[in-house]
**Q** 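Have a look at this one before I ask anything.
All values below were derived from every heavy atom in this structure, side-chain atoms included, with hydrogens, water molecules and symmetry-related copies excluded. Letters A, B, ... mirror the listed sequences (proteins, then strands); counts begin at 1.
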2 protein chains.
Amino acid sequence: MRTEPVNGDTPALPRASAQPRYRAIYEALRQKIVSGEWPAGHRLPSEPELARTFGCARMTIGKALGALADQRLVTRRRRAGTTVSRPRPQESVLEIHDIEAELLAAGVRYAYRSLTRRVRRANAADAAALGVPPGTPVLALVGLHLADARPHALEERLINLEAVPEARTERFIGISPGRWLLQRIPWTEAEHQIGALSADATMARRLAIRRNTACLTIERNTWREEQRITHVRVIYPYDQHRLVARFRYRPL
Amino acid sequence: MRTEPVNGDTPALPRASAQPRYRAIYEALRQKIVSGEWPAGHRLPSEPELARTFGCARMTIGKALGALADQRLVTRRRRAGTTVSRPRPQESVLEIHDIEAELLAAGVRYAYRSLTRRVRRANAADAAALGVPPGTPVLALVGLHLADARPHALEERLINLEAVPEARTERFIGISPGRWLLQRIPWTEAEHQIGALSADATMARRLAIRRNTACLTIERNTWREEQRITHVRVIYPYDQHRLVARFRYRPL
DNA sequence: AATTATAATATGCCTAGACATATCGGGGAA
DNA sequence: TTCCCCGATATGTCTAGGCATATTATAATT
């Protein structure tokens with residue numbers, strides 16, 4: 001297929017084409033699949049065969065097929081070969097962003113206002129939410145994310161002071177606790193729960209909305225290896241905010 | 001570092017260890033980062049250096065470093081080298097599953113009940129939701145996802161009949177429209193919006209909940225290449241359902 | 001001092017060949 | 001027939017070496 005030998009015995013791709021070879025192959029194979037020419041269950045040619053067809057080394061084919069497998073477009077099994085997957089399950093991923101970054105990206109003036117701040121030993125509720133033994137020292141924060149000086153989201157946060165002792169004296173002036181934590185602690189695991197609730201009187205007052213307005217809630221737990229770092233619940237008035245995510249086929 | 005030569009001149013890893021070498025290297029480097037031994041901004045040794053240290057080929061190191069880069073733990077730039085990234089942004093991904101698969105996984109009896117079904121030419125609202133010109137033939141469906149014979153979620157769906165003409169005569173008995181579509185059409189792109197709303201009278205009746213209950217909504221648009229396939233809005237009573245997602249560091 | 005060429009360096013991509021491993025099929029033994 | 005072993009096959013991983021390209025540091029020039 002390819003017809004441009006170069007110097008040496010292994011032509012190292014003097015391509016005028018801007019994209020690497022494995023990607024061109026990835027695109028070509030992907031096209032066969034999404035066009036329907038290769039339906040679900042169709043078996044692709046073997047790596048050595050494709051290598052002959054495309055005139056490249058087997059490893060290059062392997063890289064392209066590996067990418068297709070990463071995208072779940074094909075399934076690969078030794079001896080059985082590579083087959084087109086069933087249409088992908090109705091399952092996708094939603095990115096959950098840092099509120100501050102999100103607002104800044106939208107060109108809005110962002111601020112965080114701390115409402116309450118308490119250092120205490122974890123009570124039963126704290127212990128359950130944060131997943132630490134009762135009595136563990138925690139920092140409990142409530143604050144407001146402001147967009148152009150208007151309430152945008154309400155945040156209720158617990159920080160495990162055993163994991164982050166520096167937080168005990170931090171005042172969170174001009175920086176949100178989320179940002180502050182991220183500049184210090186890399187998390188290795190996170191759990192999210194998304195739900196809905198009707199605003200109670202306190203939430204309504206703080207967010208400047210009517211009582212019983214339907215709100216979106218996001219709870220997030222983060223770990224660093226085995227240690228719990230923080231638990232946070234963010235409450236968004238539904239009419240001001242929607243989580244949006246778009247998933248196009250990633251061109252690698 | 002490695003001390004077991006094999007036959008030939010290129011020992012092809014007769015490892016007793018179950019994991020491939022590039023993964024062991026990935027783990028070793030990752031440990032340095034998440035432990036804090038290599039803080040953000042730290043520059044890693046170059047590929048040739050690491051290859052000497054670990055006693056393997058440069059390509060194997062490249063695979064391990066590439067994996068770290070995929071996980072956003074490091075940043076790689078030519079000539080500049082590989083550096084430890086800033087702690088990852090507060091951003092994550094949430095998996096949105098097929099309702100049916102989700103319920104089955106939870107060991108619950110699942111059923112779909114069709115409530116209304118209309119074939120029509122797209123009115124203004126249809127056209128806006130589905131993103132097709134007004135007048136395009138569409139199939140409008142409303143149905144209920146049942147868990148153990150109790151209402152679990154309400155689904156409002158539009159299907160573009162130009163993209164999926166077979167849907168015109170399909171009755172969706174015993175199979176949900178989502179499932180049915182997925183068995184036919186692979187989608188290549190999807191957009192999700194998550195929001196909250198208060199149940200109106202109709203929703204409340206269909207879902208057997210009280211009016212004004214806060215509900216979670218998920219809207220999803222899917223494309224196949226450039227063509228719109230379907231638009232769906234699913235409404236979950238908040239007290240019956242939460243979206244949960246957990247993200248641990250993926251061991252490759 | 002500011003700008004521009006140049007060399008060095010680290011990653012990115014590729015090749016050809018090799019051994020490793022899972023698994024599918026078929027043939028032979030119980 | 002049923003079970004087990006064994007060869008064939010396709011992918012998984014690895015090596016050693018090479019050219020390509022972006023970027024940075026340095027030297028030369030204006």
**Q** Identify all side-chain donor-acceptor contacts of residues 164-171 of chain B below 3.5 Å with residues at least two apart in sequence or on another chain.
**A**
unit_1: B/E170; atom_1: OE1; unit_2: B/W180; atom_2: NE1; d: 3.1
unit_1: B/E170; atom_1: OE2; unit_2: B/F172; atom_2: N; d: 3.1

**Q** Grab the NZ-P distance between B/K63 and C/dC13 for me, whole Å please.
**A** 14 Å
**Q** Report yes if at least one side-chain N or O of B/T60 is closer than 4.0 Å to OP1 or OP2 of D/dT13; otherwise report no.
**A** no
**Q** Whole-Å distance between D/dA16 C1' and A/M59 CE?
**A** 12 Å
**Q** A/L68 has an atom CG; how far is it from atom P of D/dG12, in whole Å?
**A** 12 Å
**Q** How close or far is atom P of D/dA16 from atom CZ of B/F54, stated in whole angstroms?
**A** 16 Å
**Q** Which residues pass the salt bridge (charged side-chain N to carboxylate O under 4.0 Å, His left out) test with A/R76, sequence neighbours left out?
**A** A/E47
**Q** Does C/dC14 have OP1 or OP2 under 4.0 Å away from a side-chain N or O of A/Y22?
**A** no
**Q** State which residues pass side chain to side chain donor-acceptor pair (under 3.5 Å) with A/Y110; sequence neighbours excluded, sorted by chain then number.
**A** A/H145
**Q** Using the test side chain to side chain donor-acceptor pair (under 3.5 Å), find all partners of B/S114 that sit at least two apart in sequence or belong to another chain.
**A** none
**Q** Is any side-chain N or O of A/R21 closer than 4.0 Å to OP1 or OP2 of C/dT15?
**A** yes
**Q** Please determine whether a side-chain nitrogen of the Lys or Arg among A/E225 and B/R30 lies less than 4.0 Å from a carboxylate oxygen of the Asp or Glu.
**A** yes
**Q** Report, one pair per line, the protein and nucleotides 8-11 of chain D atoms (nitrogen or oxygen only) whose separation is under 3.5 Å.
**A**
unit_1: D/dA8; atom_1: N3; unit_2: A/R79; atom_2: NH1; d: 3.0
unit_1: D/dT9; atom_1: O4'; unit_2: A/R79; atom_2: NH1; d: 3.4
unit_1: D/dA10; atom_1: N3; unit_2: A/R79; atom_2: N; d: 3.4
unit_1: D/dT11; atom_1: OP1; unit_2: A/T82; atom_2: OG1; d: 3.0
unit_1: D/dT11; atom_1: OP2; unit_2: A/E47; atom_2: N; d: 2.7

**Q** Can you list the residues that meet the salt bridge (charged side-chain N to carboxylate O under 4.0 Å, His left out) rule with B/E226, with sequence neighbours excluded?
**A** none
